[in-house]
Amino acid sequence: MTEQRFDFRDLLRRRRAELGLSLRDMEDRSIDPASGAQAKFGWLSKVENGKPTDPPKEDVLLAISIGYGLPETVVKAAAAKQFMGFDPASDPTVMWSGDLTTRVIVAHAEGLSEEERRQLADIAETFARRKTQRSGSAEGKSDE
């Protein structure tokens with residue numbers, strides 16, 4: 001028997017805690033304005049409590065993305081892992097971090113202009129360079 005995954009559950013629980021909202025609040029917020037699809041309280045409760053439930057449909061995933069304030073790609077990736085056993089991290093063309101930060105950055109980068117993406121890349125490179133410089137100078141210090 002394969003181990004049950006809770007990637008989607010954990011994502012929703014963590015984000016709801018960050019927002020400080022109830023499941024009823026999340027139901028009220030999680031509506032796709034185009035289709036009217038809504039993530040219902042009972043279904044959200046089952047997901048968060050690890051109880052068996054049907055996988056969400058695409059319009060419900062969009063509603064959750066809106067309600068939870070998360071990029072749609074992050075929500076879909078977590079749902080794919082939990083409900084379909086597909087781990088985007090196993091795709092060699094995709095780079096992910098365990099704490100979702102890379103996913104969130106990439107998801108938001110898709111909506112940026114080319115210039116904004118270059119600026120974001122410059123920030124990341126500057127940060128990495130400074131970190132390397134700090135660790136290099138720390139290695140050169142000695143207590144002797």
Side-chain angles (χ1 to χ4, degrees), residues 1-139 141:
M1 186 154 107
T2 60
E3 178 184 338
Q4 188 172 3
R5 298 190 63 112
F6 293 108
D7 302 83
F8 187 68
R9 176 195 76 175
D10 294 343
L11 174 68
L12 298 188
R13 288 171 87 181
R14 242 188 343 258
R15 181 62 177 151
R16 187 169 68 80
E18 287 171 5
L19 295 171
L21 297 172
S22 71
L23 280 173
R24 292 274 181 214
D25 294 329
M26 299 318 294
E27 176 187 43
D28 293 341
R29 293 169 51 119
S30 299
I31 301 172
D32 174 11
S35 70
Q38 182 176 28
K40 299 291 188 178
F41 171 84
W43 185 84
L44 290 169
S45 177
K46 285 180 182 179
V47 169
E48 281 205 15
N49 289 300
K51 295 185 177 171
T53 186
D54 292 330
K57 294 184 177 176
E58 190 168 4
D59 56 356
V60 172
L61 289 175
L62 178 56
I64 289 168
S65 170
I66 292 165
Y68 284 72
L70 292 167
E72 187 177 357
T73 54
V74 171
V75 173
K76 286 181 175 181
K81 286 173 78 175
Q82 180 166 324
F83 292 103
M84 275 48 105
F86 172 70
D87 186 356
S90 66
D91 183 339
T93 65
V94 179
M95 178 64 97
W96 301 113
S97 61
D99 67 354
L100 302 177
T101 54
T102 304
R103 296 178 201 190
V104 172
I105 292 168
V106 169
H108 286 293
E110 292 173 356
L112 300 177
S113 69
E114 186 176 335
E115 175 61 26
E116 291 168 329
R117 284 192 304 274
R118 267 187 262 149
Q119 290 173 354
L120 184 59
D122 288 344
I123 291 168
E125 287 177 11
T126 300
F127 180 82
R129 190 171 36 255
R130 288 182 181 165
K131 183 178 178 200
T132 301
Q133 290 170 347
R134 282 192 305 268
S135 64
S137 63
E139 290 174 9
K141 293 182 180 178

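Note that this is a predicted model, so its numbers are computed, not measured.
Rounding to the nearest 0.5 Å gives a distance of 11.0 Å between OG of S30 and NZ of K40. We find the CG-CG distance between L23 and N49 to be 8.0 Å, quoted to the nearest 0.5 Å. Taken from CZ in F41 to NZ in K46, the straight-line distance is 11.5 Å, to the nearest 0.5 Å. Taken from OG in S22 to CG in L44, the straight-line distance is 10.5 Å, to the nearest 0.5 Å. Note that the CG atom of L62 and the CD1 atom of I31 stand 12.0 Å from one another [nearest 0.5 Å]. In this structure, the separation between CZ on F8 and OG1 on T53 is 9.5 Å, given to the nearest 0.5 Å.
Side-chain contact check for M26 versus L19: some heavy-atom pair is nearer than 4.5 Å.
Taking 4.0 Å as the cut-off between side-chain N and carboxylate O, R14 and E18 do not count as a salt-bridged pair.
Smallest separation of non-hydrogen atoms from Q82 and R9: OE1-N, 2.9 Å. Taking each heavy atom of R15 and Y68 in turn, the nearest pair found is NE-O, 2.6 Å. Minimum heavy-atom separation, P56 to A79: CG-CB, 4.4 Å. The shortest non-hydrogen separation linking V75 to L70 is CG2-CB, 3.9 Å. Scanning all heavy atoms of the two residues, the minimum distance from P71 to S65 falls at C-OG, 3.7 Å. Looking at every heavy atom in both residues, R117 comes nearest to L112 through NH1-O, 2.5 Å.
Side chain of Q38 to main chain of E27: a donor-acceptor pair is present (N/O by atom type, distance under 3.5 Å, no hydrogens or angles).
Around CD of Q119, the count of heavy atoms belonging to other residues, nucleotides or ligands within 6.0 Å exceeds 12. Annotation for E115: atom CD counts as buried by contact number, over 12 foreign heavy atoms lying within 6.0 Å.
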